[in-house]
Amino acid sequence: MSRKNRKKKSSVLYEGNRNNLPSSFIQKNYIIAHLVLLLIPVLLFILLEIALRISDYGRSHEQWLESPNGQYVQKGGNYLLLNPDIACKYFHVLRTIPRPVHVAFDKEKKPDTFRIFILGGSSAVGFPYEPNGSIASYLLDRLSLVYPGSKVEVVNCGMTAINSYSLRDLVPGILDQKPDLILIYAGHNEYYGALGAGSIESLGNHRFLANLVISLEKFRTFQLIRNALARVGKTDSAEDKVQAGTLMEKVVQNKYITYGSDVYKKGLTQFEGNLNDILRMITDANVPVIIGTLTSNLKDQSPFVSDSSSQYPPAAKIFIDANQAFYQQKYKIADSLYRYARDLDALRFRAPGAINATIFRTAEKYGVHVVDIDSAFNAHSPNQIVGNNLIIDHLHPSLQGYQLMGRMFFDKMEELHYLPDTAPKYFDDKIQDSLTVSNFKFSKLDSVISNFKIRLIKKNWPFEKNRIYYPDYIKLNNRIDSLAIQFIKSEITWIDAHLLAGKWHYDHGNIDQFLKEMDALIYRYPYVIEYPDYVSEKLLAMQKYDHMYGYLLKSYSINPGAFSTKWLGTIELFNGNIQAARKFLNESLKFNNRDSQILYNLALTYYNMNKTIALEFVDKAIAVEPDYKKAVELREKIVSSLKPD
């Protein structure tokens, strides 16, 4: 048979076989082929994602990071911290991003723990008094005072320049950590905060798109695509323009947002939609939540931008009318006009009244309780109109203002019984508040830093038209001033600034100020044993044993060691507390059984109880240090007392 005929025959056989195949078989293979084609890009995505993770491209965006001691972030610790770089999920245009306050909490929640999370922007953080001068600090101190049987954790998740988009993203991770209560103070950043309606980080005012992008940030492939598109579409001049000025100015793109405009309405819609999601997630998890209304400077902050082109009157004119009413002692009319002027202000750093209306409306929808911070600030202000008395700029409270906010949240918690289960120490509310305020861990350095920050913000846009970098012009009067400026300029950390300030005070014999600086540091990092040990060593050198005791106990509570147990035992012995002394000294012996001083002191604790045991310990002390004069004298005394009469 010729080659041509063989080819023809085989072709006929193939066609016949195909025609004889069942249609279900052909259809099945057709579907499989298409599924394979569809799965190829998915498989490629998975492989690319794995490769990017292996190569450590991009950021993991884990919400919580592990820490061995509540300060240094690394794997394998017993404590959790909010990821210092978590804001990278929300900021992509700016190089400098805000970071949360450093607050550690137990990785495994203990049975006696009462755990609170706080959400919000810079006022929730406590600017400019952060980290210790905040709502969180007040609540931690007062709850610890009233409920000594509970371990209180107040985790501040606030960050500068974030808004309801970020809060919505953080809530699921917070719910995973078994909170007993969530507190919210947020809304001022709804227009200019990350992804807000008027922010440089905005995604076109589409709430669904913004929340989708945030959720996709966990994928390294998405980060790769976003970074590539950003490099293609960005010019150097545009980027340089973004970086100019303070963070307040950097986040603003659509600077002027007139009252009633589309952007104005989108900001309100964005806030209400996200707040609905936030409260729904929290209430569905059966976690108690309290949300505060927003307050701002009404009387002493004129509108930043007065728009005369809209259908509404210029904000500046209404503010002048408000001042006139105030000077005529028509305070209710003045209050209404001040609020109207604030709402008309086209530079929307202060939340309009509609935000508080949204808070009340949405809270009622979900059965959530509201603490009316705005009304409280007015009630504590002259003529019931808040101004510079409680607000340091346009919206950030003073230190006394933050303490008032903490008190208002505490009162609401008490009213609703959102409190620890352990037995409280019953004493007057005013005394509780007074003790909390008087014991605030706020040092001289903290005070100088906050004052400089206030002066810095008021010397820049939008308070001043001509921007200057104020730290370069400030007059420095002493070492503390210099350290404050170094910290503000990010030349040293907050920790190093306090350590150096403490050392400076110590070297100049100012022990009270030394202790205040170190107390602020220990308060912020309660799990770091090196700080109370450092203070104890300094006080030991000055023979200030009574001052040492509290720091030794703090060190002991973190992790008992040779140093803390030895000196706790020694001080207890000196004070005549023999049982406590024996307990600590025996513990110390386990760390170092060749410390002659420990052995000698143990001999003293047994002297009046069992001289035979006392003799054993003093002999061990002499064996370690034969020339130990006091031990030799004690041995002679014991031997003499053991001789029969």
Side-chain angles (χ1 to χ4, degrees), residues 96-102 121-137 156 158-161 188 243-251 296-297 300-301 304 349 387-403 440-505 508 510 513-514 516-521 523-524:
T96 303
I97 62 165
R99 282 181 164 76
V101 171
H102 197 134
S122 55
S123 294
V125 176
F127 178 89
Y129 307 100
E130 74 273 23
N132 289 357
S134 63
I135 307 168
S137 295
N156 194 339
M159 282 176 279
T160 299
H188 280 306
Q243 304 312 317
T246 62
L247 183 60
M248 180 185 285
E249 184 173 2
K250 292 175 187 178
V251 298
S296 58
N297 193 334
D300 298 313
Q301 179 59 63
F304 290 115
F349 284 123
N388 289 340
N389 62 306
L390 289 173
I391 307 287
I392 56 102
D393 49 20
H394 54 312
L395 58 86
H396 295 107
S398 63
L399 188 60
Q400 292 72 29
Y402 283 122
Q403 292 165 347
F440 236 47
K441 299 299 185 291
F442 200 74
S443 70
K444 175 64 176 177
L445 176 63
D446 292 321
S447 179
V448 173
I449 288 172
S450 58
N451 287 335
F452 285 176
K453 282 184 177 180
I454 294 168
R455 292 161 69 178
L456 173 60
I457 197 172
K458 287 191 171 183
K459 283 291 182 181
N460 272 281
W461 181 91
F463 298 93
E464 294 283 349
K465 292 182 179 179
N466 298 319
R467 183 194 308 118
I468 62 170
Y469 190 55
Y470 189 65
D472 290 339
Y473 296 89
I474 197 166
K475 182 181 178 182
L476 305 179
N477 296 314
N478 52 46
R479 174 64 169 158
I480 302 303
D481 286 356
S482 299
L483 291 171
I485 289 299
Q486 284 181 272
F487 167 70
I488 289 173
K489 296 170 74 171
S490 300
E491 294 174 356
I492 57 175
T493 66
W494 188 86
I495 294 172
D496 288 339
H498 280 76
L499 286 171
L500 291 169
K503 183 179 183 303
W504 185 81
H505 285 304
H508 286 76
N510 194 339
Q513 289 300 325
F514 162 70
K516 285 183 179 180
E517 297 298 343
M518 297 310 301
D519 285 346
L521 192 58
Y523 178 80
R524 178 48 45 205

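- Qualifying side-chain hydrogen bond (donor to acceptor under 3.5 Å, both in side chains) partners for Thr493, counting only residues two or more places apart in sequence or in other chains: Asp496.
- Expressed to the nearest 0.5 Å, how far OG of Ser443 lies from CD1 of Ile480 amounts to 8.0 Å.
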Working note: Asn297 + Asp393, criterion side chain to side chain donor-acceptor pair (under 3.5 Å); need CA distance, chi angles, decisive distance, verdict. CA-CA 7 Å; Asn297 193 334; Asp393 49 20; over 6 Å; no
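- To the nearest 0.5 Å, the span separating CZ on Phe349 from CD on Gln301 amounts to 11.0 Å.
- Here the straight-line distance linking atom OH of Tyr129 with atom CG of Asn451 works out to 7.0 Å at 0.5 Å rounding.
- Note: Ser122 OG to Leu395 CG = 6.0 Å, rounded to the nearest 0.5 Å.
- Rounded to the nearest 0.5 Å, atoms CG (Leu390) and OG (Ser296) are 12.5 Å apart.
- By the side-chain hydrogen bond (donor to acceptor under 3.5 Å, both in side chains) test, Lys458 is found to be paired with no residue, residues two or more places apart in sequence or in another chain being considered.
- Heavy-atom minimum distance, Pro397 versus Ile392: O-CG1, 4.0 Å.
- Taking the ring pair (Phe, Tyr, Trp, His ring centres under 6.0 Å) definition, one finds that Phe304 meets it with His394, Phe463, sequence neighbours left out.
- Between Val101 and Pro131, the shortest heavy-atom contact is CG1-CB, 3.6 Å.
- Checked against side-chain contact (heavy atoms from CB on, under 4.5 Å), Ser482 has the following partners two or more places apart in sequence or in another chain: Leu476.
- A donor-acceptor pair under 3.5 Å links the side-chain atoms of Asp300 to the main chain of Asn388, judged by distance alone.
- In terms of heavy-atom proximity, Ala124 sits nearest to Asn156 at O-ND2, 2.9 Å.
- Partners of Asn510 according to the side-chain hydrogen bond (donor to acceptor under 3.5 Å, both in side chains) rule, which considers only residues two or more places apart in sequence or in another chain, do not exist here.
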Please report the C-alpha distance between Trp494 and Arg524 in whole Å, then the side-chain angles of each, then the deciding distance to 0.1 Å, and finally whether the side-chain contact (heavy atoms from CB on, under 4.5 Å) criterion is met. CA-CA 10 Å; Trp494 188 86; Arg524 178 48 45 205; 3.8 Å; yes
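- For the salt bridge (charged side-chain N to carboxylate O under 4.0 Å, His left out) test, residues two or more places apart in sequence or in another chain that qualify with Lys453 are Glu130.
- Every residue two or more places apart in sequence or in another chain that forms a side-chain contact (heavy atoms from CB on, under 4.5 Å) with Arg99 is listed here: Pro84, Asp85, Ile97.
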Determine, step by step, whether Tyr523 and Ser137 satisfy the side-chain contact (heavy atoms from CB on, under 4.5 Å) criterion, reporting the C-alpha distance in whole Å, the side-chain angles of both residues, the deciding distance to 0.1 Å, and the verdict. CA-CA 9 Å; Tyr523 178 80; Ser137 295; 3.5 Å; yes
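- Put simply, CG on Leu483 and CD1 on Ile488 are 11.0 Å apart, with the number rounded to the nearest 0.5 Å.
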Determine, step by step, whether Met518 and Leu499 satisfy the side-chain contact (heavy atoms from CB on, under 4.5 Å) criterion, reporting the C-alpha distance in whole Å, the side-chain angles of both residues, the deciding distance to 0.1 Å, and the verdict. CA-CA 7 Å; Met518 297 310 301; Leu499 286 171; 3.9 Å; yes
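- In terms of the ring pair (Phe, Tyr, Trp, His ring centres under 6.0 Å) criterion, His505 has no residue partners (sequence neighbours excluded).
- When every heavy atom of Leu445 is checked against every heavy atom of Ala501, the shortest pair comes out as CD2-CB, 4.0 Å.
- Among residues two or more places apart in sequence or in another chain, the ring pair (Phe, Tyr, Trp, His ring centres under 6.0 Å) test is passed with Phe127 by His396.
- With sequence neighbours excluded, no residue satisfies side-chain hydrogen bond (donor to acceptor under 3.5 Å, both in side chains) with Asp481.
- Annotation: salt bridge (charged side-chain N to carboxylate O under 4.0 Å, His left out) contacts of Glu517 (sequence neighbours excluded): none.
- Of all heavy-atom pairs spanning Asn132 and Phe440, the tightest one is O-CE2, 3.8 Å.
- Within a 6.0 Å sphere centred on NZ of Lys516, other residues, nucleotides and ligands contribute 12 heavy atoms or fewer.
- Here Glu491 pairs with Gln486, Lys489 under the side-chain contact (heavy atoms from CB on, under 4.5 Å) rule; sequence neighbours left out.
- Heavy atoms only, all atoms of each residue included: Val125 and Ser134 are closest at O-CB, 3.4 Å.
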